[in-house]
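A quick write-up on the structure given underneath.
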Amino acid sequence: MAATLTRLSKPSSSSLSHFRRFTFNSNTATTLSRKDPKDRNVQWVFLGCPGVGKGTYASRLCNLLGVPHIATGDLVREELASSGPLSHQLTEIVNQGKLVSDEIIISLLSKRLEAGEAKGESGFILDGFPRTIRQAEILEGVTDIDLVVNLKLRKDVLLEKCLGRRICSECGKNFNVASINVKAENGNPGMSMAPLLPPSHCMSKLVTRSDDTETVVTERLRIYNEKSQPVEEFYRSRGKILEFDLPGGIPASWPKLLEALNLDDYEEKQSAAA
């Protein structure tokens, strides 16, 4: 299905809403009030399969709208590298190969948003969170989410894209060597995606992630789709989800995404004002 081109109201810009502050004590939480959406910037969530490009498009929108891009995986890594109160507990969890609990993730998220509020940040875009119904329910009890953008990409293209991922072993940056050019067939439109190649000094240092094999990626996508359906329905039932089928790489998809979000003239105005 093509992207839902429902025209959304343009985001306002003000201070970050008073995030419902809370401290987990077993399963209870203490919270404060929220601000009306018209008095703050966007509070959005980006969903989508691993490798679909959530981080790429979320970060671009964050730069455009002037809001922070928050990925919970980054929050966990930052806490692990710090001497914060949860760092020791997280180290044990990671070393044992266990999943980080919802309570810890929400606690880290709350800490990050409160720090942002103190710095005068306005709004946010969450990348890849929530991933389960329980996380969505906890988040709903903590703050208001205005919109959930669900990025979609046909499975064969997504698999090829994931298998093309490479990391520079020296600088740590991510690249993609896959050159995708799929013909239209069986009702599916044709699609092209250019590779994201590294500079020459990184080319000889590219490595493939150990889990970027066809078997592992296929299973990862299966598990994601299985778990994501209830989360998508959770937000769909609240009228907050925007389904967006990526038509290709960034050059083809970015303008269409801006159109779907009613931001197609926003980028031009921002550039003119700069």
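Counting begins at 1 with the first residue of the sequence.
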Looking at side-chain heavy atoms only, is the closest gap between Ile104 and Ile93 below 4.5 Å? yes

Taking all atoms of both residues into account, what is the closest heavy-atom pair of Cys162 and Val217, and its distance? CB-CG1, 3.7 Å

Would you kindly confirm whether Ile133 and Tyr224 end up in one hydrophobic cluster when ILVMFWY residues are joined by side chain heavy atoms under 4.5 Å apart? yes

Tell me if a side-chain donor or acceptor on Ser253 pairs with a main-chain N or O of Ile250 at a distance below 3.5 Å. no

Determine the minimum heavy-atom distance between Pro68 and Glu121, stating which atoms define it. CG-OE1, 3.3 Å

Is it the case that the side chain of Asn150 and the backbone of Glu243 share a donor-acceptor pair, with hydrogens and angles ignored and the cut-off at 3.5 Å? no

Pair Glu78 + Arg112, salt bridge at N-O below 4.0 Å: no

Qualifying residues under side-chain hydrogen bond (donor to acceptor under 3.5 Å, both in side chains), relative to Arg222, sequence neighbours excluded: Glu219, Glu226

How about Glu214: does its CD atom have over 12 heavy atoms from other parts shown lying under 6.0 Å from it? no

What do the steps show when you test Arg165 against Thr208 for side chain to side chain donor-acceptor pair (under 3.5 Å), and what is the final call? CA-CA 7 Å; Arg165 293 193 297 194; Thr208 304; over 6 Å; no

Any idea which heavy atoms bring Ser228 and Asn225 closest together, and the distance? OG-O, 3.3 Å

At their closest point, which heavy atom of Val45 faces which heavy atom of Phe129, and how far apart are they? CG1-O, 3.1 Å

Lys54 side chain vs Asp127 backbone, donor-acceptor pair below 3.5 Å: no

Would you say CZ of Arg131 has more than 12 non-hydrogen atoms from neighbouring residues, nucleotides or ligands within 6.0 angstrom? no

Give me the atom names and distance for the closest heavy-atom approach of Met191 to Pro247. CG-O, 3.7 Å

Any Leu108 side-chain heavy atom under 4.5 Å of Thr72 side chain: no

Within the distance-only criterion (no hydrogens, no angle test), does the side chain of Asn41 pair as donor or acceptor with the backbone N or O of Leu65 below 3.5 angstrom? yes

Check this for me, if you would: do Asp144 and Lys240 make a salt bridge, where the nitrogen-to-carboxylate-oxygen distance has to be below 4.0 angstrom? no

Taking the six-membered ring of Phe234 as reference, does the cationic atom of Arg238 (NZ for Lys, CZ for Arg) lie under 6.0 Å from its centre and within 45° of its axis? yes

Pair Glu103 + Arg134, salt bridge at N-O below 4.0 Å: yes

Test your reading of the model: is there a side-chain donor-acceptor pair from Ser82 to the backbone of Glu79, 3.5 Å cut-off? yes

CA sep, side-chain torsions, deciding dist, call: Lys111, Glu114, salt bridge (charged side-chain N to carboxylate O under 4.0 Å, His left out): CA-CA 5 Å; Lys111 175 184 172 183; Glu114 288 181 357; over 6 Å; no

With a 3.5 Å cut-off and sequence neighbours excluded, list the donor-acceptor pairs that the side chains of residues 170-179 form with protein atoms.
unit_1: Asn176; atom_1: OD1; unit_2: Ala178; atom_2: N; d: 3.0
unit_1: Asn176; atom_1: ND2; unit_2: Lys161; atom_2: O; d: 2.9

Should Tyr57 and Leu257 count as side-chain neighbours, where that means a heavy-atom distance under 4.5 Å? yes

Side chain to side chain, Arg220 and Val216, heavy atoms closer than 4.5 Å: yes

Any heavy-atom pair between the side chains of Leu258 and Asp265 that's under 4.5 Å? no

Is there a side-chain contact between Leu109 and Val142, using heavy atoms and a 4.5 Å cut-off? no

Please report the closest heavy-atom contact between Lys205 and His201, naming both atoms and the distance. NZ-O, 2.7 Å

Would you indicate whether the side-chain heavy atoms of Trp254 and Arg60 approach each other to under 4.5 Å? yes

